[in-house]
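Data block below; observations after.
Chain A is the first sequence line, chain B the second, and so forth, proteins listed ahead of strands; every chain is numbered from 1. FYI, side chains are in, hydrogens and waters are out, and symmetry mates aren't considered; it's all heavy atoms of this structure. All values derive from a computational prediction rather than experimental measurement.
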Amino acid sequence: MQLSPPVHFEKLHSLLRSTACRRFPAVTGHIHAYLLKSGIFQSPPFPSSLFNAYTKSDLHHDARNLFGEITHPDVFLYSSLLAAHARSNSPSSFLPIFRRMISVHLLLPDDFILSTLVNACARFPSIRLGRQAHAYTVVSPFYDDDVIKSSLVDMYSKCGLVNDARMVFNSIELKNFVCWTAMVSGYAASGRLSEALELFWRMPERSVFVWTVLISSLVHSGSHFDALKLFVEMLREGIDINDAFVLSAVVGAAADMALLVLGRQLHCLSISLGYESNIMLGNAFVDMYAKCSDIASSRMTFDKILMTKCVVSWTTMIVGEAQHGRAQESLVLFNRMVSSGVRPNEVTFVGLIYACSHMGFVQKGRELFKSMLRDYGIEPSLQHYTCLLDLLGRSGNLSEAANLIRVMPCEPDEAAWAAFLSACNKHGDIKLGVHVADELLKLRPQFSSTYILLSNTFALAGMWSSMANVRKLMDTMGIKKQAGYSWIDVGRESCLFRAGEVPCHMRANILGLLKELMKEMKKRGYVPDTSSVLHDLEEDEKEIQLFTHSERLAVAFGLLKSASGSAIRVVKNLRVCGDCHTVMKLISSISGREIVVRDANRFHHFEFGRCSCGDFW
DNA sequence: CTAGGGTTAG
């Protein structure tokens, strides 16, 4: 069938703009060949829309070849070129491209390319480039264009200059969803949550976008409960939650709070909404199951990801296996990932070194650290150094760790010092520990975490007066140590135990069971470690104090409430101490049950008197 | 062909 020329043009052009070219990159090539054959290749807008289609499906080689053949470049072409450079993170080329367009091809910037330019500066937050781009827009005929202003609001927000963003925002005549969202997002991202919320409630109408911004930033800042409340509020307002972005933010909240029941409900919901093959949600669920201690479901969800697994999917699973003490599995996954052609990123290596650290694979960890830069061109960051410090410290290579913390190219933060100090504590090098603690106090007296670290070290060293001084300092500075608690799910029941508090209705049963277990444990050679208990009590009183450790209460509750033979999962626990570790191993062998304890984001699987971490924790 | 959201670590 012969189409009349105008329709013909239009059809091909809209085909190039459609997602068909992105999903089936060969289509672009066919259209290219057809245009060449029919001699209309050089007629606008084809050269530019072809170029755009190539770059959007990452066919950069074809795009470059095409670029050389174009006789009359237009602004559209430059706009696509700029967007392509922004996607590949080469910010230094933005302004040269822009200037070449003006001075070599004598083209005047239009509104499209100006917002593309501003957007490019926002992607790679660069305030210097961003301000130059802003300058270009104000001297252009589009100085009052609302779309450009929206992208400026976004650019200043992403650069962290919220006040500048607000000034541009205020100057927008007709504010639409987009600029409101960009502004709220700016406040949320820079931690100014109250301003974000104030603006949010002032919006004439709230779209899914802006709800997502707030929910995810609440999850990110650790206010999980507020995030869930906001999600409920959103449902009440009748906003359609058939949206992968908002769902994954809520799944993240469920993961961090270890709310397995909610997580499962969200999983069912997203399958019924047709997101079964959505890669982003798939990744979120793999993570959620792992963090809720259900590693089997996590792995099943991972295996079921229908699309090509991306670096995030692999990394999530590697970290998940590592968190559950299955470092060997993490390393196998890493090999499978590399051989399937997916490039690891910096997070992948955090997970891998962490896995080695968990299981004491010292040499393997060192090798992976070296391979980062050598084989993948990833510059190790402070976090990688902290992982390596942790690995060396845990395995007793204290002098190597001490050397590393001195020579590493980045300034150690609290986490790095904490890794080193806990290694000193673990391996009994109290002198080194106290020395480091002193250094730390001089270095960062302004951080509250310093005092908690110090107090622990002094306690271990038996330097009670120094410890008392640190405690006094903590009091005057208003620093509180969070009380220990454990949280367990049994069937449909959830229960939270605070350290030292035994709930009345279970008191007799739980304490009875713990006394029973203590007798059995002692028969097997357990010597209660009462060093963490107030030292002016009688010995048997100290032992009873041990019963009120929250994780012991939770496990006793689990033993009483669940069917015999089933695993007991303490889904959240503030800290697994050395004595707890011994006790859990014993209880697992006495009761013949698997006990899973989540300690921060690390899991201990106790079974047959052993722990999955191989005691390298 | 231009502007706003998300998943992995700590």
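Taking 3.5 Å as the limit, the base of dA3(B) and the side chain of Ser150(A) contain a donor-acceptor pair of atoms between them. On a pure distance criterion of 3.5 Å, no polar donor-acceptor pair joins the side chain of Ser248(A) and the base of dG6(B). Judged by distance alone with a 3.5 Å cut-off, no donor-acceptor contact links the side chain of Asp413(A) to the base of dG10(B).
Side-chain proximity of Gln383(A) to dA9(B), dG6(B), dT7(B): nearest is dA9(B). Listed nucleotides: dA3(B), dG10(B), dG6(B). Nearest to the side chain of Gln323(A): dG10(B). Closest approach to the His220(A) side chain among dG4(B), dA3(B), dG10(B) is made by dG10(B) (side chain taken as heavy atoms from C-beta onward). Listed nucleotides dT2(B), dG4(B), dC1(B) differ in distance to Thr116(A); the shortest reach to its side chain belongs to dT2(B). Out of dG5(B), dA9(B), dC1(B), the shortest distance to the side chain of Val208(A) is found at dG5(B). Comparing atom distances between the Val350(A) side chain and each of dA9(B), dT8(B), dT7(B) picks out dA9(B) as nearest. When distances run from any side-chain atom of Ser115(A) to the nucleotides dT7(B), dG5(B), dT2(B), the shortest one goes to dT2(B). Of all nucleotides listed (dA3(B), dG5(B), dA9(B)), dA9(B) comes nearest to the side chain of Asp287(A). When distances are taken from the side chain of Met280(A) to each of dT8(B), dG4(B), dT7(B), the shortest belongs to dT7(B).
Between Ile318(A) atom CD1 and dG10(B) atom C1' the separation is 17 Å, expressed in whole Å. Atom P of nucleotide dG5(B) and atom CG of Leu230(A) are separated by 17 Å, given to the nearest angstrom. The separation between Asp599(A) atom CG and dG10(B) atom P is 12 Å, rounded to whole Å. One atom, CD of Glu173(A), and another, P of dA3(B), lie 23 Å apart when rounded to the nearest Å. The interatomic distance linking Asn176(A) (CG) with dG5(B) (C1') rounds to 15 Å, in whole Å. Protein atom CZ of Arg87(A) is 11 Å distant from nucleotide atom C1' of dC1(B), rounded to whole Å. Residue Met183(A) contributes atom CE, which lies 19 Å from atom P of dA3(B) at whole-angstrom precision. Here the P atom of nucleotide dA9(B) and the CZ atom of Phe603(A) are 11 Å apart, to the nearest Å.
Using a 4.0 Å heavy-atom cutoff across all strands shown, Thr316(A) reaches sugar-phosphate atoms only and no base atom. Within 4.0 Å (heavy atoms only), Val347(A) reaches at least one base atom of the nucleic acid. At the heavy-atom level, Ser80(A) lies nowhere under 4.0 Å from the strands shown. Residue Ser49(A) is classed as having no contact, given no heavy-atom separation below 4.0 Å to the nucleic acid. Nucleic acid contact class of Asp110(A) (heavy atoms, under 4.0 Å, all strands): none. Within 4.0 Å (heavy atoms only), Tyr354(A) reaches sugar-phosphate atoms of the nucleic acid but no base atom. Within 4.0 Å of Asp146(A), counting heavy atoms only, lies no atom of the nucleic acid at all. Residue Val147(A) is in base contact, counting any heavy-atom pair closer than 4.0 Å across all strands shown.
Salt bridge present: Glu198(A) and Arg202(A) bring a charged side-chain N and a carboxylate O closer than 4.0 Å. Looking at Glu329(A) and Arg299(A), a side-chain N of the basic residue comes within less than 4.0 Å of a carboxylate O on the acidic one, giving a salt bridge. The residues Lys149(A) and Asp144(A) are annotated as salt-bridged, a charged nitrogen and a carboxylate oxygen being separated by less than 4.0 angstrom.
OP1 or OP2 of dG4(B) sits under 4.0 Å from a side-chain N or O of Asn119(A). Lys158(A) has a side-chain polar atom (N or O) that falls below the 4.0 Å cut-off from OP1 or OP2 of dG5(B). Distances shown here put every side-chain N or O of Ser48(A) at or beyond 4.0 Å from the OP1 or OP2 atom of dC1(B). When the side-chain nitrogen and oxygen atoms of Lys291(A) are compared with OP1 and OP2 of dA9(B), one or more of them lie within a distance under 4.0 Å.
Remark: His60(A) NE2 is packed, more than 12 non-hydrogen atoms of other residues, nucleotides or ligands lying under 6.0 Å away.
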Inset, instruction - Any chance you could lay out the side-chain hydrogen bond (donor to acceptor under 3.5 Å, both in side chains) test for His134(A) and Thr137(A), step after step, and finish with the verdict? - result: CA-CA 5 Å; His134(A) 191 175; Thr137(A) 68; 4.6 Å; no
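Stacking of the aromatic ring of Phe209(A) onto the base of dG4(B) is found: the ring centres lie under 5.5 Å apart and the planes are inclined by under 30°.
Tyr354(A) and Asp390(A) are not linked by any side-chain donor-acceptor pair at a separation below 3.5 angstrom, with hydrogens and angles left out of the test.
What you find for Ser270(A) and Leu247(A) is that their closest heavy atoms are CB-CD1, 4.3 Å.
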